[in-house]
**Student:** 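Take this structure first; my questions come after.
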Amino acid sequence: MFASGAQAQGTITHYQNEGNLEVTHDVGCVAREETKTSYTPADLYRSIHACIEQERYTTAADLYVMAFARGYFDMLRVKDKSAHQAISVLRLVTFQKLSKEQSEAFGKALEAYSKDGISGACSFLQASGAPDYYPKYMVAHGMGGFKKEGGNGLVTPFDTNDAWQVSLAKTGICSAK
């Protein structure tokens with residue numbers, strides 16, 4: 001019970017695991033041809049924001065599609081389902097920083113891209129191949145990272161090439177065959 005006139009003073013403690021949503025390559029706004037398979041979705045979302053700041057909306061849309069595919073791929077290979085929310089958090093953090101005008105311009109670019117640029121994205125992503133980074137940004141985001149469970153947090157066995165093709169199909173970037 002509180003004494004008369006006293007108010008509860010709440011304290012919020014924010015716990016964060018090392019590597020959570022970590023950017024490993026801060027490369028600014030880059031064209032997809034300049035990206036590497038070592039760039040994580042965390043890296044790409046940082047690049048998307050840089051592109052939007054430079055009003056390079058088509059490039060931002062291109063990187064968004066790549067981040068989407070890689071994020072889906074990482075969800076297939078990271079065991080801890082609570083870690084999968086990393087992609088939604090990255091998206092939220094990136095887009096909440098935008099002005100209304102930037103959001104609208106990016107939305108229009110993404111809509112146009114989904115009609116005109118998606119086949120090029122499919123070809124590029126198939127040719128570049130599956131990501132080759134360890135998805136620490138995602139593994140560290142989940143509860144498994146706090147529990148310090150053994151192992152690397154990845155599904156085993158895992159067929160990288162098959163999972164990449166599934167990712168491209170399930171995200172709608174490439175048509176399922």
Side-chain angles (χ1 to χ4, degrees), residues 12 14-78 80-118 120-122 124-125 128-146 153 163-164 167-174:
I12 297 174
H14 178 76
Y15 292 100
Q16 186 165 312
N17 210 7
E18 183 183 333
N20 176 39
L21 307 178
E22 179 179 58
V23 173
T24 54
H25 300 92
D26 190 359
V27 295
C29 179
V30 294
R32 78 171 167 213
E33 293 77 21
E34 298 172 52
T35 62
K36 298 179 179 171
T37 53
S38 60
Y39 294 177
T40 70
D43 302 335
L44 294 171
Y45 274 101
R46 171 88 45 99
S47 293
I48 291 163
H49 188 264
C51 291
I52 291 172
E53 287 290 312
Q54 295 173 23
E55 298 182 7
R56 294 176 57 191
Y57 294 106
T58 301
T59 302
D62 217 3
L63 295 173
Y64 180 79
V65 169
M66 184 181 295
F68 189 56
R70 290 182 183 185
Y72 192 93
F73 176 80
D74 290 342
M75 287 190 292
L76 293 176
R77 66 184 176 147
V78 172
D80 181 0
K81 297 211 183 304
S82 70
H84 297 175
Q85 292 181 22
I87 299 303
S88 296
V89 173
L90 286 169
R91 188 178 309 123
L92 177 70
V93 168
T94 299
F95 295 118
Q96 73 181 6
K97 298 180 212 173
L98 302 181
S99 69
K100 181 181 178 191
E101 293 78 19
Q102 289 173 318
S103 292
E104 289 173 357
F106 178 70
K108 288 178 184 173
L110 197 56
E111 186 177 329
Y113 189 91
S114 69
K115 295 174 187 166
D116 303 330
I118 204 72
C122 174
F124 178 81
L125 292 171
S128 65
D132 59 8
Y133 54 81
Y134 170 70
K136 181 179 180 182
Y137 79 96
M138 183 179 281
V139 172
H141 185 75
M143 289 305 297
F146 286 105
W164 183 236
S167 298
L168 296 176
K170 293 282 187 177
T171 56
I173 298 167
C174 297

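Residue numbers start at 1 and run along the sequence shown. Worth saying up front: this structure is predicted, and the values here are computed from it rather than measured.
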**Student:** Do F95 and I48 have side chains that get closer than 4.5 Å, going by heavy atoms?
**Tutor:**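 Counting from C-beta outward, F95 and I48 do come under 4.5 Å.
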**Student:** For K36, does the NZ atom sit with more than 12 other heavy atoms under 6.0 Å from it, leaving out its own atoms?
**Tutor:**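 12 or below, so no.
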**Student:** Quick one: side-chain hydrogen bond (donor to acceptor under 3.5 Å, both in side chains) partners of E55, sequence neighbours excluded?
**Tutor:** none
**Student:** Determine yes or no for a side-chain-to-main-chain donor-acceptor pair under 3.5 angstrom, with S47 supplying the side chain and G28 the backbone.
**Tutor:**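 Yes; at least one donor-acceptor contact below 3.5 Å.
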**Student:** Identify, with sequence neighbours excluded, every residue that meets ring pair (Phe, Tyr, Trp, His ring centres under 6.0 Å) alongside F73.
**Tutor:**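 F73: ring pair (Phe, Tyr, Trp, His ring centres under 6.0 Å) contacts with F158, W164.
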**Student:** Which heavy atom in V65 sits nearest to a heavy atom in A121, and how many Å separate them?
**Tutor:** CG1-CB, 4.1 Å
**Student:** Considering all heavy atoms of both residues, which atom of G71 and which atom of M138 are nearest to each other, and what is their separation?
**Tutor:**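 Heavy atoms only, the tightest pair is O-CE, 4.0 Å.
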**Student:** Grab the two heavy atoms, one from C51 and one from T59, that are nearest each other, plus how far apart they are.
**Tutor:**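 Closest heavy-atom pair between C51 and T59: SG-CG2, 3.7 Å.
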**Student:** So which heavy atom on V78 is nearest to which on A83, and how close?
**Tutor:**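 Where V78 meets A83 most closely, the heavy atoms are CG1-CB, 4.0 Å.
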**Student:** With sequence neighbours excluded, tell me which residues meet side chain to side chain contact (heavy atoms under 4.5 Å, CB included) with F68.
**Tutor:** R91, T171
**Student:** Could you tell me which residues satisfy side chain to side chain contact (heavy atoms under 4.5 Å, CB included) with C122, sequence neighbours excluded, listed by chain and number?
**Tutor:**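 Side chain to side chain contact (heavy atoms under 4.5 Å, CB included) list for C122, sorted by chain: Q126, I173, C174.
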**Student:** Can I get a per-line list of side-chain donor-acceptor pairs under 3.5 Å for residues 103-115, giving both atom names and the distance, sequence neighbours left out?
**Tutor:**
{"from": "S103", "atom 1": "OG", "to": "S99", "atom 2": "O", "distance (Å)": "3.2"}
{"from": "Y113", "atom 1": "OH", "to": "R32", "atom 2": "NH1", "distance (Å)": "3.4"}
{"from": "Y113", "atom 1": "OH", "to": "D62", "atom 2": "OD1", "distance (Å)": "2.2"}
{"from": "S114", "atom 1": "OG", "to": "E111", "atom 2": "O", "distance (Å)": "2.7"}

**Student:** Tell me, please, which residues at least two apart from D74 pass salt bridge (charged side-chain N to carboxylate O under 4.0 Å, His left out).
**Tutor:** R77
**Student:** Would you list the pairs meeting ring pair (Phe, Tyr, Trp, His ring centres under 6.0 Å) in which at least one residue belongs to residues 37-57, sequence neighbours left out?
**Tutor:**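 Residue pairs with at least one partner in residues 37-57: H25-Y39.
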**Student:** For residues Y72 and P41, determine if any side-chain heavy atom of one lies less than 4.5 Å from a side-chain heavy atom of the other.
**Tutor:** no
**Student:** So, using side chain to side chain contact (heavy atoms under 4.5 Å, CB included) as the criterion, who are the partners of D26 when residues are at least two apart?
**Tutor:** V23, R46
**Student:** If you compare all heavy atoms of P131 against all heavy atoms of Y133, which two are closest, and at what distance to 0.1 Å?
**Tutor:**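 Shortest heavy-atom separation between P131 and Y133 comes out as CB-CE2, 3.2 Å.
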**Student:** By side-chain hydrogen bond (donor to acceptor under 3.5 Å, both in side chains), which residues pair with D132, not counting sequence neighbours?
**Tutor:**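 D132 satisfies side-chain hydrogen bond (donor to acceptor under 3.5 Å, both in side chains) with T37 once adjacent residues are dropped.
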**Student:** For the pair T24 and Y137, evaluate side-chain contact (heavy atoms from CB on, under 4.5 Å) and give the outcome as yes or no after the intermediate values.
**Tutor:** CA-CA 9 Å; T24 54; Y137 79 96; over 6 Å; no
**Student:** List the atom of T35, the atom of M66, and the distance in Å for their closest heavy-atom pair.
**Tutor:**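 What the structure gives for the nearest pair is OG1-CE, 3.4 Å.
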**Student:** Roughly how far apart are M75 CE and D80 CG, rounded to 0.5 Å?
**Tutor:**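 These two atoms lie 13.0 Å from each other.
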**Student:** Please enumerate all residues that pass side-chain hydrogen bond (donor to acceptor under 3.5 Å, both in side chains) together with T40, with sequence neighbours excluded.
**Tutor:** D43
